[in-house]
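For the numbers below, each heavy atom of this structure counts, side chains included, while hydrogens, waters and symmetry mates do not. Residue numbers begin at 1 in each chain, while the letters A, B, ... track the order of the sequences.
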Protein chains: 2
Amino acid sequence: MTTPNPSQGTLADSIPRTFEALRNHVIERHGMLPKRLAQVAKFALDHPDEMALNTVAELSAAAGVQPSALVRFAQSLGYSGFSELQGVFRSRLRDRWPDYQERLTKIQNETGGDADSSSVLGRFVETSMRSLARLPESISGEAFDAAVSLLARARTIYILGQRRVFPVAAYLSYMFGKLEMQHVLLDNFGSMIDIQAGSMRANDVLLVITFTPYTPVTVEIANQAAARGVPLVAITDSVFSPIASLTGARLEVVESDLGSFRCLTATLTLAMGLAVVSAERRRTVGESPSNS
Amino acid sequence: MTTPNPSQGTLADSIPRTFEALRNHVIERHGMLPKRLAQVAKFALDHPDEMALNTVAELSAAAGVQPSALVRFAQSLGYSGFSELQGVFRSRLRDRWPDYQERLTKIQNETGGDADSSSVLGRFVETSMRSLARLPESISGEAFDAAVSLLARARTIYILGQRRVFPVAAYLSYMFGKLEMQHVLLDNFGSMIDIQAGSMRANDVLLVITFTPYTPVTVEIANQAAARGVPLVAITDSVFSPIASLTGARLEVVESDLGSFRCLTATLTLAMGLAVVSAERRRTVGESPSNS
DNA sequence: AAAATTATGAAACAACAATTCCATTTAAAT
DNA sequence: ATTTAAATGGAATTGTTGTTTCATAATTTT
């Protein structure tokens, strides 16, 4: 791609920007460091979490070193000071996620120069991956299970997602169709969403997706459904969503955003998972939709 | 001012020391908080990572609030100040690791087991990430650039994506709207796509998204457009796509699929990048849409 | 072994962060 | 409508942090 062979060279060593790079760098020259600096180096690699969160004073005390030794250590690596070094440890704390870490740093390296537009694509990919990595954390097994069993039991699934999240709703409609699960996409054509939603019954389920800023019509329909005893499965981005109080099962997705645009990747992936697992559950468990 | 010593509490409510406790505490009384404090509360729970690592100044800027509001928020919860509150967020960051690792290894081991449904979600996440990781490799900088400059120059962008990829088309429509770029979503309502596409001219661009199995109507419209001299930007999944021969700029996305379902995450991310970069280019370079 | 160089410890310093204070606005109660 | 209380924004303040300095100690070089 863009960068043919960026690092490896012994010349012009750039200062390490990722924890992995820093680690290798330090290990490599650990032997030829002065005593106190070597001590700092060892401490830093042994206690990366502390390095990220504590102050110079605390760290120096913990490492049995003078504060200045920490600053010197950072500067000897090429950083302007300790704070810059700490930044590396902090980003590690933010981004650490299994296995994919190396992949991410690879992406970061490959898109090092912000000059050309393809690197922007790299940033988008990075953001999307970060969203995805957080998804399993933010969705508890119980919540997911609850949602799945509601969907598996439903006679008809009504899908409600307007504006920004409409693509997710559309995709769900496509999948449920392929999975041969009866569903209705509340797309509000001709502003007739109330008519479309009019046939919801208590043995159906309303699958509602809503993010800030919450589309009024979505909130309204969800409220009506709840009032009529229709179980709700909600995919939302905050515990403060206006439909939080009335949901049967609530799944919270934290999407990172790039610029002013929130990406939908995690939400889409969650939707996919929900649809597939619900369909599986309906078949294997033989939970046929309840008929009243 | 609220309370220097926390005697206002209903009963022996101690100050939350864990993130979970804090979270519940805040959720509970979110409704009865003053506006600005509620804003802070929402921001804090929506961006816990930032809360752990950034300074009051940075956070207040990000939340659109005065620094003092953050301090007040902390104090209203009973903490001595912001720093003490931040401690809770920091410990969350430290402790997040263990159960996360456990969960992931579980995911990796149970590659085939349908036992726990949340692990299925993990597999979906993994699949999506795989798609994303491949994206920067498969999109060459030149192709991306070509696509961007076509889109930036276009008077009106016609978006064409049917069936499986319709969500991507819908999302593009949303984004172009937000970016204030003139566009038309060819959604084929009432089977009137030929009418919708009828107004395309040579200074427009047709942005077409199509994957196997190629929807006939998509191919047809793309061919008509090409015949009339409308430049094409194509997002497709193969060099053998039936529209490969007639595209101005072609972007190939390789999406991995899970089960029989191809995920759309990489495509969606690419679409996002295309839209944002095109809009940027149009503004910065001043490439005003060409008028005939 | 003496000189020069480098590393180290401790304290002084400058920068910055969190906090407090107060004037002003907004909401509630009379 | 008037008064009272609460909430808010913005600047001043205080405390802490990271950094620099410099004298001393330890190495290395001649």
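The shortest distance between side-chain heavy atoms of A/Tyr214 and A/Asp237 falls below 4.5 Å.
Atom CE of B/Met32 is separated from atom C1' of C/dA28 by 17 Å (rounded to the nearest Å). For the pair B/Leu70 CG and D/dG10 C1', the computed distance is 15 Å after rounding to whole Å. Between A/Met51 atom CE and D/dG18 atom P there is a gap of 11 Å when expressed in whole angstrom units.
With hydrogens and angles left out, the side-chain atoms of A/Thr210 and A/Thr218 include no donor and acceptor closer than 3.5 Å.
At least one donor-acceptor pair under 3.5 Å links the side chain of A/Arg228 to the backbone N or O of A/Met200.
Residues forming a ring-ring contact (aromatic ring centres under 6.0 Å, His included) with A/Phe43 (at least two apart in sequence, or on another chain): A/His47.
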Step by step, work out the side chain to side chain donor-acceptor pair (under 3.5 Å) result for B/Gln75 and B/Arg72.
-> CA-CA 5 Å; B/Gln75 289 171 338; B/Arg72 279 194 208 103; over 6 Å; no

Base, backbone or nothing for each nucleotide of nucleotides 7-26 of chain C, written B, S, -, heavy atoms under 4.0 angstrom, 5' to 3'?
-> SBBB------SSBBB-----

